[in-house]
Amino acid sequence: MGLRFHWMLPKSGEWVAKTPEAAARYRVEATTPVSDASNPDIPGWQDFAKSAEEAGIDSLLISFSRAEPDPML
């Protein structure tokens, strides 16, 4: 059996964080009511999923919490 690779679907706006500092700031800001992280980003998720498939990723994990969109989408 070969290796299988999995990745996590990013939150809305998470892909913008290009440095560790920006990622840490995003994680803090993502829990605020004005953050885009709680909104679904369907076009962004579609692009990410297509890129992941092309890279050989077998499946994507979807996180969920009260500060994130409903994973049933």
Side-chain angles (χ1 to χ4, degrees):
M1 186 167 138
L3 291 175
R4 296 186 68 201
F5 294 94
H6 310 279
W7 201 253
M8 185 172 177
L9 195 64
K11 298 176 191 174
S12 181
E14 187 172 24
W15 58 272
V16 177
K18 305 230 185 270
T19 65
E21 294 80 13
R25 187 172 45 256
Y26 174 84
R27 286 186 192 98
V28 171
E29 293 171 358
T31 61
T32 65
V34 296
S35 170
D36 284 337
S38 62
N39 300 320
D41 179 16
I42 303 301
W45 289 345
Q46 288 173 330
D47 290 341
F48 185 86
K50 288 176 188 174
S51 297
E53 186 175 31
E54 291 170 3
I57 303 297
D58 290 316
S59 64
L60 294 173
L61 303 172
I62 301 172
S63 64
F64 65 95
S65 76
R66 60 183 166 81
E68 297 177 32
D70 187 345
M72 294 305 288
L73 280 173

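Computed over heavy atoms, backbone and side chain alike; hydrogens, waters and symmetry mates excluded. Here the structure is a predicted model, which means the values were calculated and not measured.
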J.: Apply salt bridge (charged side-chain N to carboxylate O under 4.0 Å, His left out) to D58 and list each qualifying residue two or more places apart in sequence or on a separate chain.
T.: R4
J.: Only counting residues at least two apart or in another chain, list the ones meeting side chain to side chain donor-acceptor pair (under 3.5 Å) with S59.
T.: H6
J.: What donor-acceptor contacts under 3.5 angstrom involve side-chain atoms of residues 46-56, with partners at least two apart or in another chain?
T.:
residue, atom, partner, partner atom, Å
S51, OG, D47, O, 3.1

